[in-house]
Amino acid sequence: MAELPKNIVILTGAGISAESGLRTFRAEDGLWEDHPVQEVATPEGFARDPDLVQRFYDERRAQVLAAQPNPAHEALGRLEREFAGELLLVTQNIDDLHERGGASRVLHMHGEALSAWCRACDARHPWQGTLRDGPGCPACGEVAMRPDIVWFGEMPYQMERIFDALAGADLFVSIGTSGAVYPAAGFVQQAGEHGARTLELNLERSAGSHWFDETRLGAASELVPQWVNEVLAAG
Ligand code: BJW
C-alpha cells in the first residue's frame, strides 16, 4: 500500500456479484442477449411494452432474493465496520448483496431491485413480489408502480453527494465494472483530478483502465478481501 488512506470512495459494478450467481451485463452470457437494452432498460421501452419490462424485473427481483453475498461483499462490510476514516460505498448494482454482506451505508446510484416507485405520488416502497399484475400504490392507491431502477436517459440517484465525496477522496477504488456506462465511468477521472489515488480491481481491464494509477486483475472474491486486509493492516 502507498500512503494510509483517510477518505475512501468505492464504486462497485456487476462483477462483484458475478460470483454470487447474478449475471453481468456485458459478458457473453449477459442479460441483454435475450432483451436488447432499448427494450428493457429505457423509459421508452417501458412505455412501449410495460408487461415485458415488468416481467423482466420480476425475474431479476427473484434472482436477487435467491442470491447470497460472496467474500467480496463481506470484506467490504468488514471494511465499513473497522475502517477508522471516511468511507462511501457507491454501487451501480440493484441487488442488496452489499447490505446482506454487512455494509449499512450503501448508495444505489442505479436504483434497487427490491424497491418500487409510484409515478403518481413519487413514493418508493420496499417490494419483493411481482409488479406485473398492476398493484396499487400503498401510499396513494394509484396503479402506477414501476421498478425503482435508473434506466438509460434517466438521472442516477444522489449525484451531488457522489461528486462531493469524489472531490474529498484520497483513494478511489473501482470494483467489477466495465467502465462502459456514464456517469459512473467518469468517476475515476473526477477523483484523480482532485488528487485521489485510483485503484481498479477487475477480472479484466475496463474501458477506462488507463485512467487508474493501479490495476489488479482477478476475481473480486479474492482481490477484495486481500485489499481490505491491506487497508486495515495499514491503519
Ligand atoms: C468481474 C468478475 C469477477 C466479471 N470479479 N470482476 C455517450 C457518451 C457518454 C455517455 C452517454 C453517451 N450516450 C448516452 C450516454 C449516457 C448513458 C450511457 O452511459 N450510455 C453508454 C451506453 C455510453 N448513461 C445514462 O443514460 C445514465 N444517465 C445519465 O447519463 O444521466 C445524465 C447525467 C448527466 C450528468 C451527470 C449525471 C447524469 C443512466 C445509466 C443507467 C444505467 N442503467 C443500467 C440498467 C439498470 C440496472 C439494472 O437493470 O440492473 O445499469 S445499464 C447497466 O450497466 C446497469 C449497470 O449498473 C451498468 C454498468 O454495468 P457494470 O456494472 O459495469 O457491468 P458490466 O457487465 O458492464 O461489467 C462487469 C465487469 O465485471 C466486467 O468488466 C467484467 O470483466 C467484470 N467481472 N466477473 C471481478 N468475478
Side-chain angles (χ1 to χ4, degrees), residues 10-46 52-61 63-64 67 69-73 75-76 90-98 107-115 117 131 146-164 166 173-190 199-209 212 215-227:
I10 298 171
L11 172 71
T12 64
I16 197 167
S17 296
E19 291 164 87
S20 294
L22 298 178
R23 290 199 288 177
T24 60
F25 295 90
R26 289 162 190 86
E28 269 175 30
D29 67 346
L31 275 171
W32 311 119
E33 267 191 13
D34 297 338
H35 299 283
V37 61
Q38 294 301 327
E39 245 176 41
V40 291
T42 62
E44 294 78 16
F46 183 57
L52 171 83
V53 177
Q54 296 286 25
R55 189 158 22 100
F56 177 76
Y57 280 99
D58 276 4
E59 282 166 21
R60 303 276 307 280
R61 209 172 290 119
Q63 288 161 4
V64 165
N70 67 54
H73 300 105
L76 294 183
V90 180
T91 187
Q92 299 171 87
N93 299 343
I94 63 171
D95 65 58
D96 64 344
L97 296 181
H98 282 305
L107 197 160
H108 285 269
M109 66 178 287
H110 289 165
E112 296 180 64
L114 304 181
S115 172
W117 170 35
L131 283 174
R146 60 162 263 190
D148 187 8
I149 303 292
V150 178
W151 289 322
F152 284 106
E154 297 183 324
M155 183 63 84
Y157 291 140
Q158 301 201 47
M159 288 311 303
E160 209 170 316
R161 184 160 164 226
I162 296 172
F163 285 135
D164 281 352
L166 291 169
V173 186
S174 169
I175 303 170
T177 174
S178 62
V181 175
Y182 286 83
F187 290 174
V188 57
Q189 282 166 275
Q190 277 127 24
L199 169 66
E200 168 176 54
L201 308 177
N202 209 34
L203 206 52
E204 60 196 1
R205 286 191 174 274
S206 66
S209 198
F212 287 87
T215 293
R216 299 183 189 179
L217 300 181
S221 64
E222 290 176 15
L223 293 185
V224 178
Q226 211 171 69
W227 170 71

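Every heavy atom of this structure was used, including side-chain atoms; hydrogens, water molecules and symmetry mates were not. Counting starts at 1 for both ligands and their atoms, in listed order.
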Report summary line: Here the side-chain hydrogen bond (donor to acceptor under 3.5 Å, both in side chains) pairs for residues 175-186, sequence neighbours left out, are Q92-T177
Query raised in the report: Out of F25, W151, Y57, F152, whose heavy atom is nearest to atom 17 (C) of ligand 1?
Result: F152
Query raised in the report: Under 4.5 Å between any side-chain heavy atoms of N202 and T215, yes or no?
Result: no
Requested in this report: Using modelled atom types only, decide if a donor and an acceptor are shared between the side chain of S17 and the backbone of S20 within a distance under 3.5 Å.
Outcome: no
Query raised in the report: Can you check whether A219 has an N/O within less than 3.5 Å of an N/O in ligand 1?
Result: no
Query raised in the report: Under a 4.0 Å N-O cut-off, is there an ion pair linking R61 with D58?
Result: yes
Report summary line: The atoms of ligand 1 lying under 4.0 Å from a heavy atom of A18, numbered in the order shown, are 78 (N)
Query raised in the report: Side-chain contact, heavy-atom cut-off 4.5 Å: W227 with R216?
Result: yes
Query - R60 side chain near Y57 side chain, heavy-atom distance below 4.5 Å - result: yes
Report summary line: So the atoms of ligand 1 within less than 4.0 Å of a heavy atom of G176 turn out to be 6 (N), 69 (C), 70 (C), 71 (O)
Query raised in the report: Atoms of ligand 1 less than 4.0 Å from A220 heavy atoms?
Result: 3 (C), 5 (N), 79 (C)
Report task. Determine whether V90 and Q158 make a side-chain contact, defined as any pair of heavy atoms from C-beta on separated by less than 4.5 Å. Result -> no
Query raised in the report: Side chain of T91, backbone of N93: donor and acceptor closer than 3.5 Å?
Result: yes
Query raised in the report: Do ligand 1 and S178 have nitrogen or oxygen atoms that lie under 3.5 Å from each other?
Result: yes
Query raised in the report: Do any heavy atoms of A185 fall under 4.0 Å from ligand 1?
Result: no
Query raised in the report: What atoms in ligand 1 come closer than 4.0 Å to a heavy atom of I94?
Result: 47 (C), 48 (C), 50 (O)
Query - Under 3.5 Å donor-acceptor, E19 side chain and S221 backbone - result: yes
Query raised in the report: Has ligand 1 got any nitrogen or oxygen that is less than 3.5 angstrom from a nitrogen or oxygen of G153?
Result: yes
Report task. Take the angle between the ring planes of F46 and W151 and call it parallel below 30°, perpendicular above 60°, tilted in between. Result -> tilted
Query raised in the report: So which bit of T24 gets within less than 4.0 Å of ligand 1, heavy atoms only: side chain, backbone, both or neither?
Result: both
Requested in this report: Please say whether A14 places an N or O atom under 3.5 Å from an N or O atom belonging to ligand 1.
Outcome: yes
Query raised in the report: Any N/O of L203 closer than 3.5 Å to an N/O of ligand 1?
Result: yes
Query raised in the report: So is P156 in contact with ligand 1, going by heavy-atom distances below 4.0 Å?
Result: yes
Report task. Evaluate the side chain to side chain contact (heavy atoms under 4.5 Å, CB included) criterion for residues D96 and E112: first the C-alpha distance (whole Å), next the side-chain angles of each, then the deciding distance (0.1 Å), finally the verdict. Result -> CA-CA 8 Å; D96 64 344; E112 296 180 64; 5.7 Å; no
Report summary line: Near E19 (heavy-atom distance under 4.0 Å), the atoms of ligand 1 are 3 (C), 5 (N), 80 (N)
Query - Any N/O pair M155/ligand 1 closer than 3.5 Å - result: no
Query raised in the report: Which is closest to atom 51 (O) of ligand 1 by heavy-atom distance: H110, M109, M159, E204?
Result: H110
Report task. Identify, by atom number and element, the atoms of ligand 1 in contact range of G218, meaning under 4.0 Å from any of its heavy atoms. Result -> 5 (N), 79 (C)
Report summary line: Atoms of ligand 1 under 4.0 Å from any heavy atom of V150, numbered from 1 in the order shown, are 41 (C), 42 (C), 43 (N), 46 (C)
Query raised in the report: For F56, is at least one N or O under 3.5 Å away from an N or O on ligand 1?
Result: no
Query raised in the report: Non-hydrogen atoms of R60 versus ligand 1: any pair closer than 4.0 Å?
Result: yes
Query raised in the report: Hey, does F152 have a side-chain heavy atom less than 4.5 Å from the side chain of V181?
Result: yes
Requested in this report: Just jot down the ligand 1 atoms closer than 4.0 angstrom to any heavy atom of G13, in number order.
Outcome: 62 (O)
Report task. Dump the intermediate steps for side chain to side chain contact (heavy atoms under 4.5 Å, CB included) on L76 and I175, then the final yes or no. Result -> CA-CA 11 Å; L76 294 183; I175 303 170; 4.1 Å; yes
Report summary line: Check: of E154, E112, Q92, min heavy-atom distance to atom 31 (O) of ligand 1 comes from E154
